[in-house]
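Bear in mind that the values here come from a model prediction, so they are computed numbers and not experimental data.
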Amino acid sequence: MKRIVPVVLSILAAAPALAQSTFHGNNARTGVYGNPGPTRLGGVKWAFKTGGPIVTSPAIADGVVYIASLDGHLHAVDQETGTEKWKFKSRMPIASSPAVAGGLVYFVSSSGALAAIDSAAGTPKWVFATEYERKFEAKNLHGYPSAAQTIPDAWDIFTSSPAVANGRVYFGSGDGNVYAVDATTGVLQWKFPTQDVVHSSPAVVDNVVYIGSWDSRLYAIDADTGQQKWAFKAGEDPAIHNQVGFQSSPAVVDGTVYVGCRDAHVYAIDAATGRKKWDYPTSKSWVIGTPAVRDGTVYVGTSDSARFMAIDAKTGRLRFNFDARAYMFSSAALAGGLAYVGDHNGRLYAIDTKTGRLAWEFQTEAAKQDPMKVLNPDGTLNQGRLFAPVFGDFEDMYIAFYRFVSIGAIMSSPAVDRGAVYFGSMDGNLYALQ
């Protein structure tokens, strides 16, 4: 049994998450939003500035937008005005997107804990401590010297975002476990061990928890008992650990689990049996974002090949490719006839879901200014400047990360509500576009 810090135990049991109140729209992680967003870019409705880069995604409930920042705060922002209602300080930067249910906001702390915060007051209700939190790490990672040194992966950016269902909170941890805790009290219900870090966010559908691990397995776990139903094994890369691991979170639609992998594939897996239906190869490009699925089409972005793809959900055949011009870790929000998705070049794209054509795009001011000159005029990445070595070892990964901060890269996944699209940027802003 893990350490529990109870503050108030007499709170309402958590209800199933609403369509904007959890990562990627719902507990099935489909990325589908019920109301359309802006078909034309009318401008910035408001921008709320935090004290650090934002890689997390917003959750919206009862007129409040909740966003976590690498400044270590969970912020509650008025949806209409963009003014702060409260902020809660965590001990470390927050890379987990919040979930709102039953009057509480849940997030996974980078210090290794699940926190439950009163959604009205911003005060802590309870904290459940895991064993520890850490990034994925390996020797000879990406081929960086020295081959004998264990290297933490700078591109393991997100921590698990919780799902609230069945009166429990489900989430993964850097200690290699998947957890289920009581949503009201924070008391451990079960934990399930994997063989590596778990930073994928769980999808919970029909009383089954679907979640990926850095051990390159996608797991289906009974939501009540914590017992494994099946495990699907993806690719391995024992040499440099580049093409390995699930950072992507699964989306579950019509009995199929859709998920991306760092082994450079998008997979469709039978939700009942764990058998592969199809896989789509992405030219050695990581698939970090969570697939968005609607009307028989899977939408997802890639890293090095800089594509936003539409794939037939039944056959795995490509329907269109959109040239995103830079890496895409953001997961698309589907609303009306558009897919809204962020890009490492500091742009948010609104893409027609039928034709793959660009409807409009928004560019951060940081990307326009490009102080470190890491962008080419067409919005592609200047690879020479972006990855110019400084130390000649793995530390250069972290310098590249900072260079993405300098242009306001958008790794956050948008949420759509009341005709506006909300997302965070590494320039530190939470944006509302109308």
Side-chain angles (χ1 to χ4, degrees), residues 55 70 92-93 95 110 112 130-160 172-178 193-200 211-219 231-249 259-267 279 281-289 301-307 326-329 344 374 381-405 409 411:
V55 299
L70 297 184
M92 292 183 67
S110 296
T130 66
E131 296 288 347
Y132 53 83
E133 182 55 65
R134 68 175 178 90
K135 289 182 178 292
F136 171 70
E137 58 189 30
K139 291 183 178 179
N140 202 34
L141 181 69
H142 309 318
Y144 283 105
S146 117
Q149 183 173 6
T150 299
I151 297 171
D153 195 343
W155 306 118
D156 182 10
I157 291 169
F158 311 106
T159 55
S160 185
S173 172
D175 67 10
N177 291 298
V178 181
T194 76
Q195 298 176 39
D196 214 320
V197 169
V198 183
H199 284 160
S200 172
I211 192 166
S213 169
W214 276 97
D215 66 10
S216 277
R217 290 174 175 86
L218 182 76
Y219 294 93
F232 170 80
K233 184 70 166 60
E236 292 184 306
D237 181 4
I240 62 172
H241 310 280
N242 180 275
Q243 304 275 291
V244 65
F246 283 103
Q247 280 180 278
S248 173
S249 303
V259 66
C261 188
R262 283 226 316 202
D263 74 353
H265 288 83
V266 180
Y267 290 102
D279 68 85
T282 58
S283 304
K284 296 187 177 180
S285 288
W286 299 344
V287 184
I288 305 300
T302 66
S303 62
D304 293 62
S305 61
R307 297 188 292 163
Y327 309 144
M328 188 172 281
F329 284 15
H344 275 41
V374 298
L381 300 176
N382 185 325
Q383 299 282 341
R385 286 186 177 271
L386 182 60
F387 295 106
V390 176
F391 295 103
D393 62 14
F394 75 92
E395 295 170 287
D396 287 339
M397 278 191 291
Y398 292 87
I399 292 174
F401 181 87
Y402 175 75
R403 289 168 178 154
F404 280 121
V405 171
M411 301 185 190

Next on the checklist: Could you check whether any side-chain heavy atom of F404 comes within less than 4.5 Å of a side-chain heavy atom of L386, counting everything from C-beta outward?
Outcome noted: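 Yes - at least one pair of side-chain heavy atoms lies under 4.5 Å apart.
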
Item to check | Closest heavy-atom pair and its distance - K139, A147 | outcome: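 For K139 and A147, the tightest heavy-atom pair comes out as CB-O, 3.5 Å.
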
Next on the checklist: Can a donor-acceptor pair be found, under 3.5 Å and without considering hydrogens, that links the side chain of D175 to the backbone of T130?
Outcome noted: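 No.
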
Item to check | Rounded distance (nearest 0.5 Å) linking atom CZ of F158 with atom OG of S200 | outcome: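 So the CZ of F158 and the OG of S200 are separated by 11.5 Å.
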
Checklist entry - Less than 4.5 Å apart, any side-chain heavy atom of K284 and any of N242? => result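 Answer no - side chains too far apart.
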
Checklist entry - S285 and S305: side-chain hydrogen bond (donor to acceptor under 3.5 Å, both in side chains), yes or no, with the steps? => result CA-CA 6 Å; S285 288; S305 61; 3.1 Å; yes

Next on the checklist: Are the side chains of Y144 and Q149 in contact, using a 4.5 Å heavy-atom criterion?
Outcome noted: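 No - every pair of side-chain heavy atoms lies 4.5 Å or more apart.
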
Checklist entry - Between P145 and G392, what is the shortest heavy-atom contact and its length? => result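 Minimum heavy-atom separation between P145 and G392: CG-O, 3.4 Å.
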
Next on the checklist: Within the structure provided, determine whether I288 and S248 are in side-chain contact (heavy-atom separation under 4.5 Å).
Outcome noted: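 Answer no - side chains too far apart.
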
Item to check | Main-chain N/O of P152 paired with K135 side-chain donor or acceptor, under 3.5 Å | outcome: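 Checking the backbone N and O of P152 against the side chain of K135, no donor-acceptor pair under 3.5 Å is found.
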
Next on the checklist: Let me confirm one number: the CE-CG distance from M92 to L70, rounded to the nearest 0.5 Å.
Outcome noted: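 Going from the CE atom of M92 to the CG atom of L70 covers 10.5 Å.
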
Checklist entry - Do you know the tightest heavy-atom contact between W286 and S303? => result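 The answer is N-OG, 2.8 Å.
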
Next on the checklist: Let me confirm one number: the CG-CZ distance from L381 to R403, rounded to the nearest 0.5 Å.
Outcome noted: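 The CG atom of L381 sits 12.0 Å away from the CZ atom of R403.
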
Checklist entry - Can you tell me how far the CG atom of L141 sits from the CZ atom of F394, to the nearest 0.5 Å? => result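 The CG atom of L141 sits 10.0 Å away from the CZ atom of F394.
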
Checklist entry - Is the OH atom of Y402 crowded by more than 12 outside heavy atoms at less than 6.0 Å? => result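 Incorrect, the count does not exceed 12.
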
Checklist entry - Is it true that the side chains of T194 and S213 contain a donor and an acceptor less than 3.5 Å apart? => result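 A donor-acceptor contact under 3.5 Å links the two side chains.
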
Item to check | Heavy-atom check, side chain of D396 versus side chain of F387, under 4.5 Å | outcome: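 When only atoms from C-beta onward are counted, F387 and D396 do not touch, as no gap falls below 4.5 Å.
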
Checklist entry - From H142 NE2 over to D237 CG, what is the distance, rounded to the nearest 0.5 angstrom? => result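 Here the rounded value is 9.5 Å.
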
Item to check | Residues that D153 engages under salt bridge (Lys or Arg N to Asp or Glu O under 4.0 Å), provided they are two or more places apart | outcome: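 Partners of D153 by the salt bridge (Lys or Arg N to Asp or Glu O under 4.0 Å) criterion, ordered by chain and then number, come out as R262.
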
Next on the checklist: Taking the side chain as everything from C-beta on, heavy atoms only, tell me whether Y219 gets closer than 4.5 Å to V198.
Outcome noted: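 Contact flag for Y219/V198 side chains = no.
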
Item to check | Side chain S216, main chain V244, donor-acceptor under 3.5 Å | outcome: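 No; zero donor-acceptor contacts below 3.5 Å.
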
Item to check | Inter-residue atom distance N140.CG - I151.CD1, 0.5 Å rounding | outcome: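 Answer for the CG-CD1 pair, N140 versus I151, is 7.0 Å.
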
Item to check | Donor-acceptor contact present, side-chain T159 to main-chain S110, <3.5 Å | outcome: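 Not at all, since once roles are kept as given, no pair shorter than 3.5 Å links the two residues.
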
Checklist entry - Under 6.0 Å between the ring centres of W155 and H344? => result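 Not under 6.0 Å, so no.
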
Next on the checklist: Applying side-chain hydrogen bond (donor to acceptor under 3.5 Å, both in side chains), can you list everything that pairs with E236, at least two apart in sequence or on another chain?
Outcome noted: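 So E236 forms a side-chain hydrogen bond (donor to acceptor under 3.5 Å, both in side chains) with K233.
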
Checklist entry - What heavy-atom pair brings C261 and A234 nearest, and what distance separates the two atoms? => result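 What the structure gives for the nearest pair is SG-CB, 3.8 Å.
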
Item to check | Working for side chain to side chain contact (heavy atoms under 4.5 Å, CB included), residues F246 and V259 | outcome: CA-CA 8 Å; F246 283 103; V259 66; 3.7 Å; yes

Item to check | Between H199 and E133: side-chain donor-acceptor atoms closer than 3.5 Å | outcome: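 Looking only at side-chain atoms, E133 and H199 do form a donor-acceptor pair, the distance falling under 3.5 Å.
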
